[in-house]
Q: 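For reference, the structure I am asking about is given below.
It should be emphasised that the depicted structure is a prediction, and the values quoted were computed from it without experimental measurement.
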Amino acid sequence: MNFAEKRKQQLGVRSLGDMKRSGAVSGKVDPSKFVNGPKDMDCNVVPWTRGGITGWLAGAGSGKTSSVLYALKHILLNNNEGIVAFVSLEMDKAEIAEKWEKATQDRPDLADRFFIVENYDDEGKSKNLSVADIKLELTNIKDVMNVTMHAFVIDHLLEIDLNGGVDYNPVCKKIKDMAVELDSHCFLLSQTTKGKGSGETPVPKDGCFGTSRFEWIVTNIITVFQPLKRVEKECDLAVMGWQYAKIRYKNKNDGAKEGMNYLKRFDFDTEDLVDLNDAEIATFKMYYEKVLELRQNEAKYKSFQFDLGRNIKGKDGKIVRLNDTFGGGTPDSEEM
């Protein structure tokens with residue numbers, strides 16, 4: 001061994017070649033780190049892996065919680081052992097439990113592998129959980145169970161206590177470190193501003209409110225939205241649109257493409273996400289054209305649509321609903 005090699009060993013300096021020869025790295029993603037999420041979302045050549053972060057972005061009330069619970073359910077279904085955790089900083093454990101119960105009616109046994117960390121004590125007072133508090137709670141769960149924690153959810157970033165601070169950028173870095181140390185995949189939920197996400201259109205990858213670092217620190221960003229939001233009652237079809245707004249390791253063979261929108265139907269009875277059938281796809285196409293027309297008219301004529309439906313009493317004395325919508329379409333409506 002020459003002098004240079006000895007110095008490298010003494011100082012801990014290793015080239016990539018050194019690390020490959022020692023087995024420290026292989027140059028490929030370790031399959032044992034794969035999370036094995038739902039096949040329609042975790043479908044890329046470089047899938048979700050433990051130690052990584054998937055940012056989950058949406059406007060308020062657009063389906064973040066239901067969609068990420070869908071991901072956790074399928075992670076448990078696709079892994080015979082191990083656990084997942086949900087850190088709820090906004091909703092209490094009863095609300096999360098109700099959503100999970102509905103989504104897993106066919107597999108009640110999954111509840112034994114699902115853990116909730118909530119931000120409220122037994123008296124309903126906020127604990128004001130910080131990143132350090134969250135890390136301690138998750139570490140305790142993992143140590144007690146002594147199994148792989150495949151993934152954990154933080155819902156959501158902007159509810160993490162900053163101890164008087166105002167900058168979420170350092171928080172993003174701490175969460176990344178936590179995912180690596182726990183050897184778990186983090187789903188980091190966050191809302192966006194109304195200017196960047198109305199709830200019916202995809203949120204851009206830079207849409208996270210309160211931090212610029214979110215976009216750079218996460219491995220991928222998934223945005224969820226409701227493309228038929230304004231005509232949902234009329235068409236009797238609730239759909240959730242989703243897309244990868246960012247894929248760090250893109251490949252031509254990826255199952256999901258960055259910027260492409262995909263659809264799932266939201267089942268209100270089970271709060272589960274399911275594939276659309278042919279009839280539902282046809283309904284979506286027809287009503288989405290109407291959504292586009294309404295949106296175009298609103299921008300062009302500043303004419304919004306109003307629900308003027310009311311209950312009336314028929315000749316037999318029964319109350320019936322008279323559906324009536326007005327506006328949202330013509331130059332005449334602008335002049336009124």
Side-chain angles (χ1 to χ4, degrees), residues 40-41 56-70 90-91 99 102-103 156 189-209 221-245 259-312 320-336:
D40 51 352
M41 289 184 173
W56 214 274
L57 268 179
S62 297
K64 291 190 302 298
T65 303
S66 295
S67 57
V68 82
L69 286 176
Y70 167 81
E90 194 172 29
M91 293 183 281
K99 287 180 174 293
K102 287 183 178 180
H156 58 84
L189 277 57
S190 187
Q191 292 187 1
T192 187
T193 61
K194 289 184 178 180
K196 288 190 175 180
S198 62
E200 63 178 19
T201 55
V203 180
K205 62 182 178 181
D206 63 349
C208 183
F209 176 71
I221 295 177
I222 286 179
T223 70
V224 298
F225 58 104
Q226 297 176 349
L228 297 184
K229 188 174 184 178
R230 64 179 70 193
V231 296
E232 189 174 288
K233 291 183 179 179
E234 183 180 346
C235 67
D236 193 28
L237 178 65
V239 296
M240 186 200 78
W242 68 275
Q243 69 158 256
Y244 275 101
M260 175 60 72
N261 299 310
Y262 303 92
L263 294 175
K264 303 290 286 186
R265 178 173 65 81
F266 181 74
D267 189 318
F268 284 103
D269 294 329
T270 64
E271 294 205 10
D272 202 3
L273 298 174
V274 297
D275 293 332
L276 276 69
N277 59 35
D278 290 344
E280 290 164 344
I281 289 174
T283 299
F284 172 81
K285 288 180 178 179
M286 179 174 65
Y287 278 93
Y288 192 63
E289 290 292 336
K290 182 173 182 178
V291 169
L292 294 178
E293 182 181 352
L294 289 170
R295 194 181 300 151
Q296 183 181 37
N297 287 334
E298 288 174 3
K300 186 174 181 180
Y301 303 117
K302 305 301 181 185
S303 176
F304 293 87
Q305 190 174 51
F306 298 89
D307 183 352
L308 301 181
R310 63 264 188 208
N311 293 327
I312 61 172
V320 295
R321 180 71 179 174
L322 180 63
N323 294 317
D324 184 13
T325 56
F326 173 77
T330 68
D332 294 335
S333 61
E334 180 193 33
E335 296 170 359
M336 293 175 61

Q: Show, in sequence, the C-alpha distance, side-chain angles and deciding distance for Val68 and Ile222, and conclude whether the side-chain contact (heavy atoms from CB on, under 4.5 Å) test is met.
A: CA-CA 10 Å; Val68 82; Ile222 286 179; over 6 Å; no

Q: Could I get the full list of ring-ring contact (aromatic ring centres under 6.0 Å, His included) partners for Trp56, not counting sequence neighbours?
A: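 Applying ring-ring contact (aromatic ring centres under 6.0 Å, His included) to Trp56 gives Phe187.
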
Q: More than 12 heavy atoms of other residues, nucleotides or ligands under 6.0 Å from CG of Asp278: is that the case?
A: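 For Asp278, atom CG is not crowded (no more than 12 foreign heavy atoms under 6.0 Å).
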
Q: Please step through side-chain contact (heavy atoms from CB on, under 4.5 Å) for the pair Val320 and Ile312, ending with a clear verdict.
A: CA-CA 6 Å; Val320 295; Ile312 61 172; 3.6 Å; yes

Q: Looking at every heavy atom in both Arg295 and Tyr288, which two are closest together, and how far apart are they?
A: NH1-OH, 4.1 Å

Q: Does Val291 form a side-chain contact (heavy atoms from CB on, under 4.5 Å) with Arg230? I'd like the steps, not just the answer.
A: CA-CA 7 Å; Val291 169; Arg230 64 179 70 193; 4.1 Å; yes

Q: Flag the pair Val239 / Leu276 as yes when at least one side-chain heavy-atom distance between them is below 4.5 Å, and no otherwise.
A: yes

Q: Report the distance from atom CG of Leu263 to atom CE of Met240, rounding to the nearest 0.5 Å.
A: 8.5 Å

Q: Under the side chain to side chain contact (heavy atoms under 4.5 Å, CB included) test, which residues partner Phe225, sequence neighbours left out?
A: Pro202, Pro227, Asn261

Q: Tell me, do Trp242 and Thr223 make a side-chain contact under 4.5 Å, heavy atoms counted?
A: no

Q: My understanding is that only residues two or more places apart in sequence, or in another chain, count here; which of them pass side chain to side chain donor-acceptor pair (under 3.5 Å) with Lys99?
A: Glu271

Q: Could you state the interatomic distance from CD (Gln243) to OH (Tyr262), rounded to the nearest 0.5 Å?
A: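 Separation between the atoms: 9.5 Å.
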
Q: To the nearest 0.5 Å, what is the distance between CZ on Arg265 and OG1 on Thr283?
A: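 If I round to the nearest 0.5 Å, the distance is 11.0 Å.
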
Q: Could you tell me which residues satisfy side chain to side chain donor-acceptor pair (under 3.5 Å) with Asp236, sequence neighbours excluded, listed by chain and number?
A: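 Once residues adjacent in sequence are excluded, Asp236 has no partner under the side chain to side chain donor-acceptor pair (under 3.5 Å) criterion.
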
Q: Ignoring hydrogens, what is the shortest heavy-atom contact between Leu189 and Lys64? Give both atom names and the distance.
A: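 Answer, listing the atom of Leu189 first, then Lys64: CD2-CB, 4.0 Å.
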
Q: Is a side-chain N or O of Glu232 found less than 3.5 angstrom from the main chain of Lys229, in a donor-acceptor match?
A: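 It does not hold such a pair.
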
Q: Can you list everything that forms a side chain to side chain donor-acceptor pair (under 3.5 Å) with Thr65? Sequence neighbours excluded, please.
A: Asp155

Q: For Phe266, give me all partners under ring-ring contact (aromatic ring centres under 6.0 Å, His included), at least two apart in sequence or on another chain.
A: Phe268

Q: Could you pull out the closest heavy-atom pair between Asp267 and Asp269, with the gap in Å?
A: OD1-N, 2.9 Å

Q: Which pair of non-hydrogen atoms, one from Tyr287 and one from Leu228, has the smallest distance, and what is that distance?
A: C-CD2, 4.0 Å

Q: Might you point out which heavy atoms bring Ala58 and Val203 nearest each other, and give the distance in Å?
A: CA-CG2, 3.9 Å

Q: Do you know the tightest heavy-atom contact between Arg310 and Arg321?
A: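 Distance-wise, the nearest heavy atoms are CA-NH1, 3.3 Å.
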
Q: Output yes when Lys264 and Asp40 qualify as a salt bridge under the 4.0 Å nitrogen-oxygen rule, no when they do not.
A: yes

